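Quick caveat: nothing in here was measured; it's all calculated off a predicted structure.
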Amino acid sequence: MYYQNEKQYLELNTDFVFVSVIGNEDSQSNELFKIGTGILKKEGLSAKMKEKLNSSDDFYWTEIKFSENVTSTIYDEKVTALKQNRNVQIVSPYFKSANSKKIGLTNFFYVKLKTTADVVLLEQYAKQTKCIIVKQDEFMPLWYVLSCTKSSDKNALELANQFFESGLFQFAEPDLMLENILNCVNDTYFPQQWGLRNTGLYGGIAGIDIRACDAWNLSTGLNINVAVVDQGIQLNHPDLQANIHSLSYDTENGTSPSVVRGDHGTACAGIIGAVGNTAGIRGVAPNCKLMSVSSTLNSGTPNIKQKLANGINWSVQNGAHVISNSWGHNDLVSTYIDDAITNALTNGRNGLGCVVVFSSGNDNGPVIYPANSNPNILAVGAMSQCGQRKSPTSCDTENTWGSNFGATLDVVAPGVLIPTTDRTSTDGYNPNIPIHTRNNGNRILTDYTNNDYTVWFNGTSSACPHVAGIAALILSVNPALTGQQVRDIIEQTAQKDGGYNYTTATGRPNGTWHNEMGYGLVNALCAVNQAQMYLATLSGPSLVCSSGNTFTISNLPPVNSIEWTCGPGLTISSGQNTASCTFSATGSSNSWVRARLVTDCGSITLPQKTVWAGPPSPVIVGNTSLTCNLYLYRVSDNSQVTWTVSGPLRISGTHYGYKCNIVGTDNGYGWIQATASNSCGSGMSEIPVEVICGYYLTFSPNPSNGQTTVSIVSANGLESSGLSESVVRSVSGATVFDETIPWNLEVYTQNQLLKDTKPKQIGRSTTINTSGWQEGLYIVKAIYNGDVLTGKLLVKP
């Protein structure tokens, strides 16, 4: 093969071959595996292949293992026998290299065009070599995925070399399968734990899993206690013992330690926290601590409600962070149990709240109690290895049960054909209860030969502990999260698998939702990643100058990109898509800085940092018209300023930085000015002010509809009198009002003096009767001490 124009050499591995077939997987398995051992898996591009080849049959693939170290003659005979099967499309060799003992060649290869116009050449060359163009890469449009066919003369490696050596294309290389590319784990039964890494086992769809391997690079559940309220965990199980918490409790006797009262609890515990080692299986949170809370889980025993409530309350009291409950029944409804759940949700974890997880039930109907009793519970349904809600018709073939669903379902998790820990020796499900075959399943006909484990555990009982394990992974990286935040993260990051139409639903704020799948399949990687993003903090100065200031993200988790944005008066100088970004001021204003973290799982915007951009820009708040009184002025942003005044104005006393008392001293115009400085520079604002001193003529009411009080009011009291600045007024030069001096009141209309004018009034106020006056505007004059005060009175009978 070629890489970067250089030849790369591979050595044939005669122990394996790759086979692509069409048709019904069950019928193919019988024929293919007479020649060697393997597991048939549905091709991820099956739909594309069917379309391109105009086929009604699905495409499957398998890796067939021959006996080790077979001779070249036997190898050729087996390959020939496989090719003679009419449904076999492709048989491709395996290779080995200095770095890998096992490299599989599929039916696919990749070609990169030199220019977009070369797609015509690609189509012609593909037709000539009897292969098909499967798809164009949606991200890099010069790259195409091609496949050899049953009619092709060469395998994918040979065709890739031929395409490259033609000189017509930029690059061409085969699709190779490498072993352990994820460097995940080597527990004995991990390859069968499809829920943690789905390779297409048992007729499933590769990639439909909770992404545990990726999540373990970030968290393994260290320092988190998961209480398993169930039939009790076998505390000395070899794959659990190292993770067993020192505290346990038996609800039947009200004593410690717990008691094994059935098989169920040990199986649930293994899914949550089986030890990460080279034996058995691996739990979702392989470093968490398992708290065993045992019960008969028999609703036919006395005080069962009280005992289950006690189990939950004991878990809260003894430090459980997560409580896993794979049980329930609609006739179990109880406010006793409700109160215990509420206690866990609100008071657990010192007030942060426990994460309480319940199974939805296995009746193929609505979610059962207690999963349906409280919206803050995580209600978990079961999913098949094909991404479907587990139902009597799902691809696992267990046709006697289905996962409960409906309005109170939150998420789904793997729930059938689940490998887990079993009670040791012959005490557990294995070999006593053939779970899979008893439910008419035919994917695996025998259980493990090691009775300490079972490959057949199922039900929403097995789905629930998957979610409890993910909650432990989340809290391990961010223990400060509330229980509600953990629930939100799990729901927000769920995968929309299964081809269902997820839509917006009332009361479902964490994304699109579906009646059978809730928010979708839980995603351990994205959940842990988002929990880490909650730890990220944005820091930086509160002032940004034109010279530039830098903002930094601390506790940054792995992200694809960082998108920085800013508000008015700022621009990005450098550092976009890095953890430190420099901003420069382009003006003077209140502003902000934000950072959005983007990953494969979505994005989160950190709380923004409020800043001031550039030099100060104070804005004076206060009257622009005043009398000879004391007035308070301030600047709107409370910044420290220097105050100056001009004209008939003076500053009274000591000003307060952002506040200042100013007095009008005489009639006329002046200016008030505020100047502020910061490390970016200085800024100033000013307002013009009119000072009016003397007396005013006022009317109440105005308009008048019968009787109006006319008053002479001192301008110095205008502010305290509450009068509007819109009052029509004339200014008198008088400074002191002498109530012993009589004054005359005259009313005019169209410059004609009315007959009922009041002469020689004493005091500040008098009344006039406007009854019978025609509607309209009247001019009122008060003649006092040689001055004339004039006002306008509107009459509306």
Side-chain angles (χ1 to χ4, degrees), residues 13 15-19 25 29 32-33 36-44 60-66 68 94 100-104 106 176-217 220 238-239 267 270-286 383-387 395-396 413-422 430 435-436 441 443-458 462 465-466 469 524-525:
N13 181 341
D15 294 340
F16 304 87
V17 290
F18 172 90
V19 181
E25 59 176 316
S29 298
L32 293 175
F33 302 141
T37 60
I39 298 173
L40 204 61
K41 305 168 188 179
K42 190 173 182 179
E43 172 53 58
Y60 296 86
W61 68 273
T62 186
E63 169 195 276
I64 292 185
K65 185 180 187 306
F66 303 143
E68 291 185 3
Y94 267 60
S100 302
K101 295 181 180 180
K102 181 180 170 186
I103 303 172
T106 75
L176 301 176
M177 299 188 303
L178 301 178
E179 191 174 32
N180 295 327
I181 188 172
L182 293 176
N183 295 317
C184 193
V185 298
N186 58 354
D187 297 72
T188 305
Y189 300 122
F190 181 77
Q192 286 84 52
Q193 290 184 269
W194 68 264
L196 307 189
R197 184 176 66 176
N198 192 340
T199 59
L201 200 63
Y202 312 135
I205 298 176
I208 303 294
D209 56 52
I210 70 169
R211 300 191 68 183
C213 285
D214 299 311
W216 290 331
N217 292 324
T220 56
D239 217 5
I271 295 170
I272 298 169
V275 178
N277 52 27
T278 60
I281 65 155
R282 178 162 295 205
V284 174
M383 187 200 71
S384 77
Q385 69 272 25
C386 299
C395 70
D396 50 88
V416 64
L417 294 168
I418 304 299
T420 188
T421 49
D422 195 17
N430 183 4
I435 298 174
H436 182 57
R443 291 294 182 190
I444 315 170
L445 299 181
T446 57
D447 207 340
Y448 291 134
T449 56
N450 184 342
N451 293 343
D452 297 352
Y453 303 88
T454 178
V455 71
W456 280 342
F457 197 53
N458 68 354
S462 63
H466 280 86
L525 170 65

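Legend: residues meeting side-chain contact (heavy atoms from CB on, under 4.5 Å) with Asp239, ordered by chain and number and at least two apart, are His237, Ala274, Val275, Asn277, Ile281, Thr421, Tyr453. A search for side-chain hydrogen bond (donor to acceptor under 3.5 Å, both in side chains) contacts involving Asn458 returns Glu398, not counting sequence neighbours. For Ser384, the side-chain hydrogen bond (donor to acceptor under 3.5 Å, both in side chains) partners two or more places apart in sequence, or in a different chain, are Gln388. A search for side-chain hydrogen bond (donor to acceptor under 3.5 Å, both in side chains) contacts involving Thr220 returns Asn287, not counting sequence neighbours. Residues that satisfy the ring-ring contact (aromatic ring centres under 6.0 Å, His included) test with Trp194, not counting sequence neighbours, are absent from this structure. Considering only residues two or more places apart in sequence or on other chains, Asn198 meets the side-chain hydrogen bond (donor to acceptor under 3.5 Å, both in side chains) condition with none of them.
For Asp447 (side chain) and Val455 (main-chain N/O), a donor-acceptor pair under 3.5 Å exists by modelled atom type. Not one N or O on the side chain of Gln192 forms a donor-acceptor pair closer than 3.5 Å with the backbone of Pro419. Arg443 places no side-chain N or O within donor-acceptor distance of the main-chain N or O of Leu201, the cut-off being under 3.5 Å. Under a 3.5 Å cut-off, the side chain of Thr420 and the backbone N or O of Ala267 do form a donor-acceptor pair. A distance-only check finds a donor-acceptor pair linking the side chain of Trp216 to the backbone of Val284 [under 3.5 Å]. Put simply, the side chain of Gln193 gets close to the backbone of Arg282: a donor and an acceptor are under 3.5 Å apart.
Atom-to-atom distance recorded for Leu176:CG and Tyr94:OH is 10.5 Å, nearest 0.5 angstrom. Taken from CD in Glu63 to NZ in Lys102, the straight-line distance is 3.5 Å, to the nearest 0.5 Å. Taking CG of Leu525 as the start and SG of Cys213 as the end, the distance is 10.5 Å to the nearest 0.5 Å. Within the model, atoms CG of Leu196 and CG of Asp187 stand 10.0 Å from one another, a figure rounded to the nearest 0.5 Å. Thr199 OG1 to Ile208 CD1: the interatomic distance, rounded to the nearest 0.5 Å, is 12.5 Å. Here the CG atom belonging to Asp209 is positioned 10.0 Å from the NE2 atom belonging to His466, to the nearest 0.5 angstrom.
Taking every heavy atom of both residues into account, Tyr189 and Asn450 meet most closely at OH-CB, 3.2 Å. For the residue pair Ala524 and Ala212, the shortest heavy atom distance occurs at CB-CA, 4.5 Å. Across all their heavy atoms, Ile444 and His436 have their closest contact at O-CD2, 3.2 Å. The minimum heavy-atom distance between Gly204 and Cys386, with the atom names listed, is CA-SG, 4.0 Å. Heavy-atom minimum distance, Asp452 versus Pro238: OD2-CG, 4.2 Å.
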